[in-house]
Amino acid sequence: MRYEDEYKRKTGRSAKLFAESSRMHINGVSHNIRYYRPYPFVVRSSSGSHITDVDENCYTDYWAGHWSLILGHNPPQVAKALHEQIDRGWMYGAVNEQTIALSKMIADSVPAAEKIRYTASGTEAAMYATRVARSYTGRDIIVKVDGGWHGYASDLLKSVNWPFEGSESTGLVGDDRIVSVPYNNLDDTARILDQYSERLAGVIIEPVLGGAGCIPADDDYLSGVQELVHKNGSLFMLDEIVTGFRFGYGCLYSEIGLEPDIVTLGKIIGGGMPIGALCGKEDVMACADATKRERSYVGGGTFSANPASMVAGSATLAYLKKNQEIYKRIDNMGRCARDGLADALGGTAVVTGLGSMFMTHFTMGDCRSVEITDAVQAARCDQEKLYRYHLKMITQNDIFVLPGKLGAISAAHADADIDRLVVAAEEFRRDEERAK
Ligand SMILES: Cc1ncc(COP(=O)(O)O)c(C=O)c1O
């Protein structure tokens, strides 16, 4: 394929280094989604809206550290906080004032965060969420949605990828206790919840389906599920690891008027450093009280609440709080990206997303009246074409969206970046037409 040949010519040093990486690491990577064909470029440095590879190619970056970098790469206020913290020590393994400062900011803006427990990743926060739900209710079934991604925790590794039917992994036990429901389909969800009502511990949902296609949940869907779950005495859990502090200062659920029992956070609240947070209502989180004999054992881990992550998170949130016009600016760029890409690609693609997030779906056939509202519809789109589109952008336009994934705009991006993105999409459409 032409783009692959061009990509290889452009990334010779990456090819050599990735071969070396592959000798030591499974698939050459340290997170499955970081691999793409023919091989991922190898990064040397990053700054603002850019990421630079070992061949000195400088890309406008919409992957943005797994969408965690809302202020862009190494913004000065976060860098300053980290430099100062490094002088004071970066790992205490003990209660520290840096954690208290970050938690005050989260508690003030996330009403469900009456109690917080930090972890080193979103995966762990989601794992603890399911454990607390089971402990609190004394029931065993956790319901998630088709395509829902909550990290690699064993309790949630089911129905993540097409055909959204079974376990995502060998080596799991008890995955019959994870039940998946169709996203944005309240009738079918209600029917399945009813089937498991006596065993239902809780439901966990991303308010915008991220990895499975950047698809916002209908407000009615989320409030409908919340009502059913609460009527049943089960816990309503929102995974805001991507959406927390992404669309406004706080969580998306507050804007929609929901009242979750548990919220998981990560990514943005760590300012680009490792983090996860299990946040919940006081009475729910009380079951994790480690002084009780019967307790839900919610640990944290060696690196939980390390002062470096805490100050990077605090510096990020403090900056966002003071400069909330950032949200308006990046949301506007997001809207321009979605509209511009949809126009540029004509009737060949649907562009989904919300605020500063966007994702292109190449439907089979003309799609002017098609909507993408769940992971099944997204997965039925042309994944090979999506791969070509993203590889063309990397190769010919120096634009990096992780192939197959959504793009996230940061405060470091400029309107001109969005214009370039749209031009790249137009070129792609013309290339595809010529190739027919
Ligand atoms: C919605 C959601 N939940 C949980 C996770 C897992 O977080 P982490 O990768 O920090 O373990 C992710 C990661 O992308 C995510 O998108």
Side-chain angles (χ1 to χ4, degrees), residues 29-35 62-70 110 117-133 142-161 168-169 178 180 183 202-217 222 237-247 251-253 260 262-279 299-306 309 312-313 316 352-359 374-375 378 401-408:
V29 290
S30 293
H31 189 314
N32 292 336
I33 57 174
R34 291 184 191 162
Y35 177 80
Y62 294 98
W63 175 227
H66 292 237
W67 320 312
S68 67
L69 302 171
I70 196 164
V110 180
R117 176 59 61 93
Y118 289 103
T119 58
S121 69
T123 294
E124 294 159 86
M127 171 185 79
Y128 289 136
T130 61
R131 188 175 303 164
V132 166
I142 296 290
V143 165
K144 66 183 286 293
V145 302
D146 296 339
W149 173 246
H150 307 283
Y152 289 97
S154 300
D155 287 326
L156 291 159
L157 269 192
K158 197 170 174 182
S159 310
V160 175
N161 294 298
E168 293 295 332
S169 173
I178 313 167
S180 198
Y183 187 64
V203 175
I204 186 163
I205 308 185
E206 299 160 79
V208 178
L209 207 52
C214 200
I215 305 167
L222 290 178
M237 302 181 278
L238 287 176
D239 181 340
E240 294 238 20
I241 285 168
V242 172
T243 52
F245 296 89
R246 164 58 59 186
F247 306 111
C251 281
L252 187 55
Y253 81 78
I262 288 181
V263 174
T264 53
L265 293 174
K267 300 202 193 265
I268 289 175
I269 63 155
M273 296 293 284
I275 202 160
L278 175 73
C279 307
T302 299
F303 295 106
S304 64
N306 72 78
S309 294
T316 302
T352 58
L354 187 72
S356 50
M357 305 200 315
F358 61 93
M359 165 98 195
D374 64 26
V401 176
L402 186 74
K405 293 291 167 197
L406 69 88

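For ligands, and for the atoms within them, numbers begin at 1 and follow the listed sequence. As the structure is a prediction and not an experimental result, all values here were calculated from the model. Side chains are part of it too, since the values below use all heavy atoms of this structure and drop only hydrogens, waters and symmetry mates.
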>> Within the structure provided, determine whether His66 and Arg34 are in side-chain contact (heavy-atom separation under 4.5 Å).
In response: yes

> Polar-atom distance check: His150 versus ligand 1, any N or O pair below 3.5 Å?
Replying inline: no

>> Are the side chains of Leu252 and Arg246 in contact, using a 4.5 Å heavy-atom criterion?
In response: no

>> List ligand 1 atoms under 4.0 Å from Ser121, heavy atoms only on the residue side.
In response: 10 (O), 11 (O)

> Between Tyr152 and ligand 1, which part of the residue brings a heavy atom under 4.0 Å of the ligand: side chain, backbone, both or neither?
Replying inline: neither

> Nearest protein heavy-atom contact for atom 3 (N) of ligand 1: which residue, which atom, what distance?
Replying inline: Asp239 OD2, 2.7 Å

> Who pairs with Tyr62 by ring pair (Phe, Tyr, Trp, His ring centres under 6.0 Å), at least two apart in sequence or on another chain?
Replying inline: Phe358, His413

> What distance do Met357 atom CE and Ile215 atom CD1 have between them, rounded to the nearest 0.5 Å?
Replying inline: 10.5 Å

>> If only side-chain N and O atoms count, and only distance matters, is there a donor-acceptor pair under 3.5 Å linking Thr264 with Asp239?
In response: yes

> Where does Glu124 meet ligand 1, judged by heavy-atom distances below 4.0 Å: at the side chain, the backbone, both, or neither?
Replying inline: neither

>> With side-chain contact (heavy atoms from CB on, under 4.5 Å) as the test, pick out the partner of Ile204 among Val145, Leu156, Val143.
In response: Leu156

> Taking N or O atoms only and a 3.5 Å limit, does Gly122 qualify as a polar contact for ligand 1?
Replying inline: yes

>> Taking salt bridge (charged side-chain N to carboxylate O under 4.0 Å, His left out) as the definition, give me every residue that meets it alongside Asp155, ordered by chain and number, with sequence neighbours left out.
In response: Arg134

> When you measure from atom 16 (O) of ligand 1 to each heavy atom in Leu238, Val242, Thr119, which option holds the nearest one?
Replying inline: Val242

> Looking at atom 1 (C) of ligand 1, what's its closest protein heavy atom, distance included?
Replying inline: Trp149 O, 3.2 Å

> Taking all non-hydrogen atoms of both residues, which atom of Met273 and which atom of Ser309 are closest, and how far apart?
Replying inline: CB-OG, 3.5 Å

> Do the non-hydrogen side-chain atoms of Thr243 and Glu206 ever get within less than 4.5 Å of each other?
Replying inline: no

>> Looking at ligand 1, is there an atom of it that comes within less than 4.0 Å of some heavy atom belonging to Lys267?
In response: yes

> Which protein heavy atom lies closest to atom 11 (O) of ligand 1, and at what distance to 0.1 Å?
Replying inline: Thr123 OG1, 2.6 Å

> Which atoms of ligand 1 sit under 4.0 Å from any heavy atom of Glu206?
Replying inline: 1 (C)

>> Just to be sure I read this right, does ligand 1 sit under 4.0 Å from the backbone of Ile241, its side chain, both, or neither, counting only heavy atoms?
In response: side chain

> Does any N/O atom on His31 come nearer than 3.5 Å to any N/O atom on ligand 1?
Replying inline: no

> Heavy-atom distance to atom 5 (C) of ligand 1: which of Gly244, Ala120, Gly151, Gly270 wins?
Replying inline: Gly151

